[in-house]
Amino acid sequence: MKRTVLALATLSLLASAAQARTWDQIKAAGTIKIATEGAFKPFNYFEGKKLTGFEVDLANAIAKQLGLKVEWITQPFDNLLIGLNQDRYDFVIASHGITPERAKAVDFSDPHYCTGGAIVSKPGGPKNAADLAGKVVAVQVGTTYLDNVKKVNGVKDVKTFPKDTDAEAALMAGRADAWVSDKFLGLDAVKTMKGKLVQGDLLFQEKIAMAVKKGNLGLLKELNATLSQLEANGSYAKLSNQYFGQDIRCR
Ligand code: ARG
């Protein structure tokens with residue numbers, strides 16, 4: 001028993017002492033490891049067995065520009081930043097909003113898009129913060145949606161779900177009166193659900209960025225430089241238009 005506890009303590013010590021791969025090491029290896037969730041359409045999701053979406057295409061374009069192959073790793077959203085700090089991959093791109101709390105744990109890149117958390121309900125359901133009083137709201141766990149819905153006065157209950165798609169399903173099944181999620185994702189869902197869902201107001205705005213392990217500044221510099229190249233040469237606009245019919249970069 002004692003030995004197991006000791007072994008575990010040693011392991012976690014080793015893990016925290018481990019270093020993230022530096023830019024030079026990644027370059028020498030020729031492959032970059034990128035993590036995302038794969039359940040946040042149209043940003044990162046599976047089409048059958050194929051991982052795709054705006055963020056997947058954008059990260060693939062960044063890697064290509066850097067002359068690297070990509071190894072994709074998918075993890076539940078709530079585990080992504082933890083795995084980053086355990087050196088399981090080099091960076092994360094999964095629609096993380098830049099928050100002061102997260103910025104204590106990881107380093108964020110320049111934002112790769114600007115958005116907000118929007119209310120979605122069935123026709124006739126809550127459309128703004130005031131309407132949420134006395135209502136049940138569904139959100140994905142670990143998200144800025146959860147933090148911001150908690151700040152709304154009078155909400156009856158905030159139900160959390162492992163996946164954003166589960167939160168949407170709770171609304172559809174009548175187990176929640178509203179669902180709060182990304183405004184572009186919500187627009188996509190409203191289109192797909194033809195008449196069964198409507199989008200309400202934005203509850204808050206946020207800047208979305210990629211994350212590297214705290215202190216991995218060499219890699220961060222490469223990601224930022226490449227993102228701005230793709231924004232300057234038209235690749236970003238092309239991708240954004242393909243997925244959203246508009247350019248969603250921050251301005
Ligand atoms: N933008 C929100 C946040 O920062 C939600 C991100 C959810 N991403 C995902 N891949 N499910 O928390």
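Whatever order the structure lists them in is the order used to number ligands and atoms, beginning at 1. We number each residue from 1, following the sequence as shown. These figures come from a predicted structure and were not determined experimentally.
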Kindly state each residue pair satisfying salt bridge (charged side-chain N to carboxylate O under 4.0 Å, His left out) with at least one member in residues 227-249, sequence neighbours excluded. D247-R249, D247-R251
Quick test of your reading: applying ring-ring contact (aromatic ring centres under 6.0 Å, His included), list the pairs with at least one residue in residues 157-195, sequence neighbours left out, ordered by first then second residue. F184-F244
Looking at Q229, I want to see if its CD is surrounded by more than 12 non-hydrogen atoms of other residues, nucleotides or ligands under 6.0 Å. yes
Kindly check if the number of other-residue, nucleotide or ligand heavy atoms within 6.0 Å of CD (Q246) is above 12? yes
Donor-acceptor check, side chain of N216 to backbone of R21, threshold 3.5 angstrom: yes or no? yes
Scan residues 112-141 for pairs that pass side-chain hydrogen bond (donor to acceptor under 3.5 Å, both in side chains), counting only residues two or more places apart or in two chains. E37-Q140, E55-H112, S95-Y113, T115-D182
At a 4.0 angstrom heavy-atom cut-off, ligand 1 is contacted by E37, F40, N44, F77, A94, S95, H96, G97, R102, Q140, T143, T144, Y145, E206, I208
